[in-house]
Amino acid sequence: MLDGMKKSNAKLIAYGGFLAVAIAFPFISPNRYYLTVVTLGFIYAIAVYGLNLIVGYLGQLSLAQAGFFGLGAYVSGLLSLKLHLSFWISLPMAAVVTTLVALLVGLISFRTRGHYFVIFTLCIGVIINLVIEKWDDLTGGVRGLIGIPRPTSIGPIDFISLESQYYLVLFFLSLTIFVMSQIASSLVGRTFKSIRNSEELAATLGINVMRNKLLAFGIAAFFTGIAGALFAGYIRFIGPDISNPHLTFEFLLFLLIGGQATIAGPLVGTLIATGLTESLQFMQEYRMVVFGALLIIIVKFFPGGLVGAAMKLKTKIEKRMNKANKSVNAPSKGENHAAKNRGFN
Amino acid sequence: MLLKTEALTKNFGGLTALNKVDFEIQESEIVAIIGPNGAGKSTFFNLISGYYPACSGTISFLGKDMTRTPTHEFACRGIGRTFQTTNLFTDSTVLDNLIIGYRSKTKMGMLDAIFNTSRARRDEGASREKATEVLEFIGLTEVKGQPVGNISQEAAKRLAIGLALVTEPRLLLLDEPAAGVNHGETNELAKLIKKIQQTGTTVCLIEHKVQMVMNLAHRIMVLNYGSKIAEGTPKEISNNERVIEAYLGGTAHA
Ligand SMILES: Nc1ncnc2c1ncn2[C@@H]1O[C@H](COP(=O)(O)OP(=O)(O)OP(=O)(O)O)[C@@H](O)[C@H]1O
Ligand SMILES: [Mg+2]
């Protein structure tokens, strides 16, 4: 009980700290360029949170995510550009359409497993990319959509300044993190993890594997669609590239660097990787050499990513501190009990 | 009658792993299935737990046809099982294994999780309570916080049984619960199985340890090459000519 309270306090402090820094960032950022980079990083991070749910928690490597990101961006972009709908209608529409498409895709793709699932979702990603690129009349083909309106202002709050756009994106990022952490710590999150660990055992215990997979896939697509819509409203010019499977692999890279199946991982990984990308601009295409090496090191030595490694370090230190504390106190009944437990190892 | 199979058959390619088996399990008994290696015992379990679809024949449970029911529904309707090779959620602790085992009995969904509704809290509390209760029952309270990779073989066997028990089965299928554990531990497991039956759960077990089967089972079915060759009380089975022949003849095993 006490432990639980300690844990939730630590969680609150972590969230509060992040929010405080994030809110202060526009004021302390030395230049506006950083602000644009971080805003874009936040948008990508929302999509990476979606990927984290599928890959990290559910354990299914979906390569269709950039397709969903592009879909969200185009739905929102088209609705606000061609139908002049408010951003506050086109964004939820983008999320809903992306979710529906994902559910349809999931219904078929989850009939396959393992490598087949990976290849199937990659194909879906390619198909979405092709449709966007070839459906010239609707999407503008390779020319893309130009001059997408900014997010519509809400009463006195407009989204013209960079700062206001940053805060808009921060709002959605916080929402995403909140929802994801609620899911991860609940029975629903445990259910996803059980499917990752053993589908057969989960089914044997009465868990409807298909339904849970669809649920995770749908939620992931929902947030990926929101990320796409935010991207369209922020960059205001989108081309078929944003649905290219290349982007999926980039999301995956962000996730692996940060740490899959962790709550901080997607944000940490995305910010570090986008930051690195920007600072390695001078290397152009050769950037990937750095990323490749980084990825190998992480996969080999920190399978839980940076956040996973940090958490491991933390429990190690805590254990050591506990031991130190115990040797100070006279051995009590509880101590004997703990010793017995350890002996079981 | 709890479970009834009629002409239950399973082919793997050209191999008939289970051949037209008729069998019945009565409420609150302990029945055992024995037979040489490869006789089709595990296959029989895999069919009546919905793990594989049958090729032909029928399964009915509590009077309802289950032949076309999806796997996860079997647990919901009251058939719990363990696997021959102990199957646990290896990436979590003993307690967390049991908590997720109770998931099919809880109702909370995505929205409950996001808004941490009273239903979510109730379900999480109930899962924890049930897990703790089963932990006590199977005698693993001491190791509840351990990752399952750290516990002994015998503890893992108990946990696998506990995992099936949290689903609150009417019928519990145990596939070689005492394989690979020593004599003393086997006796402890036999006690646990007896205790499970006394709480009102029907048990069907596959076991090669003859002594254990003879002591526990009210009734025994013997399979050989996929077919039922005998059925009866332990006494009847130990005197049955065909059974003795099957064990001494083909792939001998004790
Ligand atoms: N999934 C499968 N695919 C192909 N053949 C299988 C499969 N499962 C079982 N078999 C075959 O079916 C036959 C029966 O196997 P089963 O596992 O039911 O035997 P068993 O009685 O449980 O044996 P044991 O005592 O060794 O556990 C064996 O010949 C086995 O090789
Ligand atoms: Mg077997």
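Only heavy atoms go into these numbers, but all of them, side chains included; no hydrogens, no water, no symmetry mates. Sequence lines set the chain letters: A, B, ... in the order given, protein chains first and strands last, and positions in each chain run from 1.
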- Query: Would you call K193(A) and D96(B) a salt bridge, using N to O less than 4.0 angstrom?
  - Reply: no
- Task: Specify which of I100(B), T167(B), I99(B), V166(B) makes the most heavy-atom pairs with chain A at under 4.5 Å.
- Result: I100(B)
- Looking at side-chain heavy atoms only, is the closest gap between V188(A) and I114(B) below 4.5 Å? no
- Message: Would you say CZ of F12(B) has more than 12 non-hydrogen atoms from neighbouring residues, nucleotides or ligands within 6.0 angstrom?
- Response: yes
- Item | Greater than 12 external heavy atoms within 6.0 Å of R77(B)'s CZ | yes
- Name the region of N97(B), side chain, backbone, both or neither, that has any atom closer than 4.5 Å to a heavy atom of chain A. neither
- Between S181(A) and chain B, which part of the residue has a heavy atom less than 4.5 Å away: side chain, backbone, both or neither? neither
- Query: Within residues 47-69 of chain B, which positions have a heavy-atom distance to chain A below 4.5 Å?
  - Reply: Y51(B)
- Grab the two heavy atoms, one from G206(A) and one from C76(B), that are nearest each other, plus how far apart they are. O-SG, 3.6 Å
- Side chain from CB out, backbone as N, CA, C, O: work out which of these in Y102(B) comes under 4.5 Å of a heavy atom of chain A, or both, or neither. neither
- Query: With only heavy atoms counted, which part of R128(B) is less than 4.5 Å from chain A, the side chain, the backbone, both or neither?
  - Reply: side chain
- Message: Any non-hydrogen side-chain atom of L201(A) less than 4.5 Å from a side-chain atom of L163(B)?
- Response: yes
- Is chain A contacted by the side chain of T90(B), its backbone, both, or neither, given a heavy-atom distance below 4.5 Å? both
- Item | Min side-chain heavy-atom separation N197(A)-L88(B) under 4.5 Å | no
- Item | Whether over 12 other heavy atoms sit under 6.0 Å from F302(A) CZ | no
- 4.5 Å side-chain heavy-atom contact, R81(B) and T204(A): yes
- Message: Would you say that S194(A) contacts R103(B) through its side chain, given a criterion of any heavy-atom pair below 4.5 Å between the two side chains?
- Response: no
- Item | Region of E124(B) that comes under 4.5 Å of a non-hydrogen atom in chain A | both
